[in-house]
Protein chains: 2
Amino acid sequence: MTAPAEALKLTKNQTLVYRTLKSAEEPLSAYSILDQLRDEGFRAPLQVYRALEKLIEFGLIHRLESINSFVACRHPDCGTHEMAAFAICESCNRVIEINDAAMAGHLASLARNNGFSVSHSTIELRGLCDACRVH
Amino acid sequence: MTAPAEALKLTKNQTLVYRTLKSAEEPLSAYSILDQLRDEGFRAPLQVYRALEKLIEFGLIHRLESINSFVACRHPDCGTHEMAAFAICESCNRVIEINDAAMAGHLASLARNNGFSVSHSTIELRGLCDACRVH
DNA sequence: GCAACGGATGTAATAACATAACGTTTTGGA
DNA sequence: TCCAAAACGTTATGTTATTACATCCGTTGC
């Protein structure tokens, strides 16, 4: 499921969507990806959503639930995507991806203590990055 | 902003929406709240969304971003809503609200170390509660 | 080669979630 | 009482996501 991007054979649509996300400065919504890919022949949301679904499955991108958008993973081959945290700057919209094993462990055991077994986590922080806080 | 429910004077619409959420077993979407309140005179989504917005502001309810739904807060007067975590059972849809200061601190300092100042966090775990895992 | 199958695709329609814009009513001080 | 702020009602619209159905295309087994 998780693998280096080069090792996977992506389809045409998957490649186009992935490339779009990788070259973006900020997270993109499905519809803004669609708009960017009109010239490549995309006509319908489903073309985007289907590609997004696969890319998430491959561990190449993440969905940011709190802003209904998607970003390329910064460490697509690191394997530990299940508890990644994302800091989303409300000023510049850029995202910092944080992978911290200690936090993941803490959160997982917290869940366990509450009688819960986690299969997937959403950790998203909203606020300001340093660059934007200064200005 | 955060206060015991009784200390706040909620408007009619806010009261109706809050009561609906408090008596629900699981998180509700805005539109399902709307449906439940048709008999009370609700006609439009905005009536619900406006009430929800205020109730969140008052710290009486939480929004669950990963499922576009809302739940009544289990500890409305505890004050520390900014870093609550939610475990959402994918089988029974029930939610466990977890308020853990250590985790909040850990996550906040993690963000700080990454040059980020957090104003609001979304922490949502998907998986199975004990009751559902057994069956 | 070619039938059969599964995965990927194309397209249209629609469902689900959320807000803009406008005017009116209510409420709570000065 | 008067004013301003907040809440409300209504319509329309914007945004995000999925259902349903037909087609295409590469792989596998014969």
Side-chain angles (χ1 to χ4, degrees), chain A residues 1 3 8-21 24 26-58 60-71 88 90 93 120 122 124 126, chain B residues 1 3 5 7-21 24 26-58 60-71 88 90 93 120 122 124 126:
Chain A
M1 165 162 149
L8 288 165
K9 202 160 77 192
L10 300 181
T11 68
K12 178 167 163 259
N13 286 2
Q14 288 161 14
T15 304
L16 286 167
V17 169
Y18 185 47
R19 188 186 300 157
T20 303
L21 282 174
E26 30 179 296
L28 300 176
S29 74
Y31 278 77
S32 93
I33 294 170
L34 174 57
D35 284 341
Q36 294 196 31
L37 292 177
R38 296 248 182 232
D39 293 345
E40 314 286 343
F42 274 51
R43 327 290 302 289
L46 205 47
Q47 296 176 286
V48 177
Y49 281 108
R50 285 202 275 230
L52 289 171
E53 184 182 13
K54 284 298 177 189
L55 292 170
I56 289 171
E57 203 177 309
F58 297 154
L60 295 178
I61 68 172
H62 297 281
R63 169 187 216 122
L64 299 178
E65 313 267 12
S66 67
I67 55 173
N68 296 316
S69 295
F70 304 83
V71 277
I88 306 166
E90 297 189 291
N93 296 321
H120 179 259
T122 296
E124 298 174 17
R126 319 293 308 275
Chain B
M1 165 162 151
L8 287 165
K9 204 158 73 178
L10 299 181
T11 67
K12 179 167 164 260
N13 286 2
Q14 288 160 14
T15 304
L16 288 166
V17 169
Y18 185 46
R19 188 186 300 156
T20 304
L21 282 174
E26 29 179 294
L28 300 177
S29 73
Y31 277 75
S32 93
I33 295 170
L34 174 58
D35 284 341
Q36 294 197 30
L37 291 177
R38 297 245 183 234
D39 293 344
E40 314 286 342
F42 275 50
R43 327 291 302 290
L46 208 46
Q47 296 176 283
V48 177
Y49 281 108
R50 286 201 274 229
L52 289 170
E53 185 183 12
K54 283 299 176 186
L55 292 170
I56 290 171
E57 202 177 307
F58 297 153
L60 295 177
I61 68 171
H62 297 280
R63 170 187 215 123
L64 300 178
E65 314 267 13
S66 67
I67 55 173
N68 296 317
S69 295
F70 303 83
V71 278
I88 306 165
E90 297 189 292
N93 294 321
H120 178 260
T122 296
E124 298 174 20
R126 320 292 307 272

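To find a chain, count down the sequence lines: A is the first, B the second, and so on, and within it residues start at 1. From a predicted model like this one, the values you see are computed outputs, not experimental measurements.
A straight line from CG of B/Leu37 to P of D/dC8 spans 12 Å, rounded to a whole angstrom. Remark: C1' of C/dG7 and NZ of A/Lys9 are 12 Å apart, rounded to the nearest angstrom. Rounded to whole angstrom, the span from the CG atom of B/Asn13 across to the C1' atom of C/dT27 amounts to 15 Å. Protein atom NZ of B/Lys12 is 15 Å distant from nucleotide atom P of C/dT25, rounded to whole Å. When the P atom of C/dT9 is taken as reference, atom CD of A/Glu53 falls 12 Å away, rounded to whole Å. Separating the CD1 atom of B/Ile33 from the P atom of C/dC17 is a distance of 11 Å, rounded to the nearest angstrom. Computed from coordinates, the B/Phe42 CZ to D/dG9 P distance equals 7 Å when rounded to whole Å. In this structure, the CZ atom of B/Arg50 is 15 Å from the P atom of C/dT25, given to the nearest Å.
Rounded to the nearest 0.5 angstrom, A/Phe70 CZ and A/Tyr18 OH are separated by 15.0 Å. The structure places CD of A/Gln36 at 8.5 Å from CG of A/Leu21, a figure rounded to the nearest 0.5 Å.
Contact annotation: A/Thr11 side-chain N/O to C/dT9 OP1/OP2 distance is under 4.0 Å. Taking only side-chain nitrogens and oxygens, B/Lys54 never comes nearer than 4.0 Å to OP1 or OP2 of D/dA6. Under 4.0 angstrom from either OP1 or OP2 of D/dG9 there lies at least one side-chain N or O belonging to B/Gln47.
Classification of A/Glu53 and A/Arg50 as a salt-bridged pair fails, no side-chain N sitting under 4.0 Å from a carboxylate O.
Within 6.0 Å of CZ in A/Arg126 there are more than 12 heavy atoms belonging to other residues, nucleotides or ligands.
Across all non-hydrogen atoms, the minimal contact from A/Ser69 to A/Pro27 is CB-CB, 3.7 Å.
Contacts of A/Thr20 classified as side chain to side chain donor-acceptor pair (under 3.5 Å), with partners at least two apart in sequence or in another chain: none.
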Scan nucleotides 11-17 of chain D against the protein and return all N/O pairs shorter than 3.5 Å with their distances rounded to 0.1 Å.
| from | atom 1 | to | atom 2 | distance (Å) |
| --- | --- | --- | --- | --- |
| D/dA17 | OP1 | A/Arg63 | NH2 | 2.8 |
| D/dA17 | OP1 | A/Asn68 | OD1 | 3.4 |
| D/dA17 | OP2 | A/Tyr49 | OH | 2.9 |
| D/dA17 | O5' | A/Tyr49 | OH | 3.3 |
| D/dA17 | N7 | A/Tyr31 | OH | 2.6 |
| D/dA17 | N6 | A/Tyr31 | OH | 3.1 |

Take B/Asn13 and B/Phe42 through the test side-chain contact (heavy atoms from CB on, under 4.5 Å) and record every step on the way to the result. CA-CA 9 Å; B/Asn13 286 2; B/Phe42 275 50; 3.5 Å; yes

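Between the side chain of B/Glu124 and the main chain of B/Ser66, a donor-acceptor pair closer than 3.5 Å is present.
Among B/Ile61, B/Leu64, B/Ile88, the one residue that satisfies the side chain to side chain contact (heavy atoms under 4.5 Å, CB included) test with B/Val71 is B/Leu64.
Rounded to 10°, the angle separating the first-five-pair axis and the last-five-pair axis of the helix from C/dG1-D/dC30 to C/dA30-D/dT1 equals 30°.
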